[in-house]
Amino acid sequence: MVSMKRLAAVAAVSMLGLTACGGTDAGNSAVPGGGQAVPGEAKTNDVVASAPVAAAADILPGSTMEKIKQRGELIVGGSLDAPLLSQQNPVTGEVEGFDADMGKALAKYIIGEPKVKIVNSASETREALLSNGTVDVVFQTYTITPERAEQVSFAGPYYSSGLTLAVKKGTTGITRPEDLNGKTVIAGANTPAIPAIKKLAPQAKIVTFGSDPECMQALKQDRGVAYVQDETLLVANAKKDPTVQVVGTPFTADPYGIGLKHGDEQFKKFVNDWLKKMQDQGVWQKAWKNSIGTVVQGEAPTPPQIGSVPGS
Amino acid sequence: MSALLDHLPELWQGLIVTLQLTAASFAGAAVLGLVITAMRVSPVGVLRGIGTVYVETFQNLPLLVLLVLAVFGLPEIGLQADLLVTAVIVIAVYEAAYIAEALRSGVNAVSAGQGEAARALGLTFGQSLRHVVLPQALRTVIQPIGNVFIALTMNTSLAAAVGVVDLTAAANRVNLVEAQPIPIFVGAGLAYALIAACAGFVTGRLERRLAVAR
């Protein structure tokens, strides 16, 4: 019965994806809203191994967490193609990265085991997936904004990131977003980079591509002078590709939240409590070290204060 | 609903780009499709072969693959054009295969006697195609061509994936800010449906007026 319901929900979302956004992203919309089972019995990494488990008393009767525990699986809206954050390893099938580990840790907190199913969601379907109950939570570099907070509830923020610029090596005269005025700039489709560029460099022409590799390719082919993207992703790219360099320091603060169904205050408090424990016990820091920390120098940053931004 | 109304200028701009994409690539596909059809029914074996290979190739490749190849692959061999121009050319080349198939079915519907009569009158292959066969064939395939037009309209949304800010991309961008996918995409979907309905209406009228009674 439950699986029938889920099937119907997935079908409905797939239809939405097919009719509304006929392929905005080569990687993402190949299976709009389609579920990708991740082997639950795959080896647990040390982040998940040290993650806490909720006391039985915390799983309140009739709550969302009880429902998830009974199902034995946490359904996470996430990505399979975001390096360092949530990327599926083609060899093992395991989804790896900061967001992926956080999702597994939350599953372990509720169920006792890191059993997660990732529904590959695109940024244009996240709100719908949460509100119709296809997914329990969204871990997908989901920046908390007041507009979005009217549609979904946000636990966290659990990570703070920022946009920065990448240019082809040897480019001069571009160090700040203001330098982009009058030039063509590359941004990922459906990323916060678009409104940020509009605000800081109103005379810039923005060209968008569906995925990060496409944006990088476009930068190398001179379709724009700079690529505006999350610092983490750009640093990882520049590490792999020496023809590209990151310039300046992040010029925005993007607080990532954990997307939950709108109005589920009980679950939001529960997730926030879990996040607090993750931070206090050093598991959050370990997850950062294992993923983003492999390309960003130094110690793990101080996690953002829970509930510190409008909308959280 | 206000999410939709507040952003009408951006969505309108996207709709204009979608209409440009649709009109330009349909025009290109129609011309190219006509040429391919002429090749496929021509008496020259090599031309027939080329026409067949063309149709089979482009009907069996996903449009998105072609778009990504043209936008990111061609610059690698030194061919780089404006994104909108690239998208128009790729969609035209792709849809020409479907137009050619529709037209060929129309040519097959013209009775063999018509062609034989044209030949008996001393018309060349080109003349008989132009004056006798194609005019009749075109009248037979108004509805199928209309369907290709509708499919082409929907296919233009794939250009959003390679940087063209059409209606789909504009809707995506608005949704990024407003986070209200249902009203925004329903609105964009209705705009596409309206284009399709107009095409259906026009082809329906043309069909009633021009169809050849047999």
Side-chain angles (χ1 to χ4, degrees), chain A residues 13 16-30 122-132 142-143 145-152 184 186-195 198 205-211 213-218 220-224 259 262 311, chain B residues 2-3 6 10 18 62-65 67-69 71-84 86 151 153-193 196:
Chain A
V13 172
L16 178 79
L18 287 173
T19 52
C21 47
T24 48
D25 181 332
N28 267 352
S29 55
S123 31
E124 54 279 339
T125 55
R126 291 184 295 208
E127 290 83 20
L129 289 172
L130 278 170
S131 71
N132 70 16
Y142 202 177
T143 306
T145 67
E147 288 88 353
R148 285 175 176 170
E150 284 169 21
Q151 310 295 320
V152 300
T184 305
I186 299 158
N190 313 314
T191 63
I194 301 166
K198 279 192 178 147
K205 183 175 179 288
I206 305 170
V207 53
T208 56
F209 297 97
S211 68
E214 286 177 346
C215 290
M216 283 292 286
Q217 184 78 353
K220 290 196 277 178
Q221 292 172 347
D222 297 315
R223 292 212 184 261
H262 191 244
Chain B
S2 70
D6 290 348
E10 288 125 289
T18 290
L63 177 57
L64 186 59
V65 170
L67 279 168
V68 171
L69 267 179
V71 170
F72 296 106
L74 290 182
E76 294 293 300
I77 56 165
L79 286 172
Q80 186 160 340
D82 179 71
L83 290 172
L84 185 66
T86 311
T153 309
M154 304 306 152
N155 279 339
T156 60
S157 67
L158 290 176
V162 290
V164 177
V165 188
D166 68 341
L167 181 58
T168 300
N172 278 334
R173 286 186 179 187
V174 170
N175 181 49
L176 178 70
V177 178
E178 296 290 343
Q180 294 195 35
I182 309 285
I184 292 165
F185 286 117
V186 166
L190 284 178
Y192 280 109

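Residue numbers start from 1 in every chain, and the chains themselves are labelled A, B, ... in the order their sequence lines are given, proteins ahead of strands. What you are looking at is a predicted structure, and each value in this text was computed from that prediction instead of being measured.
Of the two parts of A/Ile186, neither the backbone nor the side chain holds a non-hydrogen atom closer than 4.5 Å to a non-hydrogen atom of chain B. Neither the backbone nor the side chain of A/Ser131 comes within contact range of chain B, judged by heavy atoms closer than 4.5 Å. With a 4.5 angstrom heavy-atom cutoff, A/Ala187 does not touch chain B via any of its atoms.
Heavy-atom minimum distance, A/Glu127 versus B/Pro181: OE1-CD, 3.8 Å. Contact between A/Thr208 and B/Arg173 at its shortest, heavy atoms only, is CG2-NH2, 3.0 Å. Of all the heavy atoms in A/Gln221 and B/Val71, the pair that sits closest is OE1-O, 3.7 Å. A pairwise comparison of heavy atoms in A/Pro195 and B/Leu176 identifies CD-CD2, 3.8 Å as the closest pair.
Highest contact tally toward chain A, considering only B/Gly163, B/Ala179, B/Ala171, B/Pro75, is held by B/Ala179 [criterion: heavy-atom pairs under 4.5 Å].
To the nearest 0.5 angstrom, B/Glu76 atom CD is 5.0 Å from A/Gln217 atom CD.
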Would B/Leu83 and A/Arg223 satisfy side-chain contact (heavy atoms from CB on, under 4.5 Å), going step by step from the backbone distance to the final call?
CA-CA 9 Å; B/Leu83 290 172; A/Arg223 292 212 184 261; 3.6 Å; yes
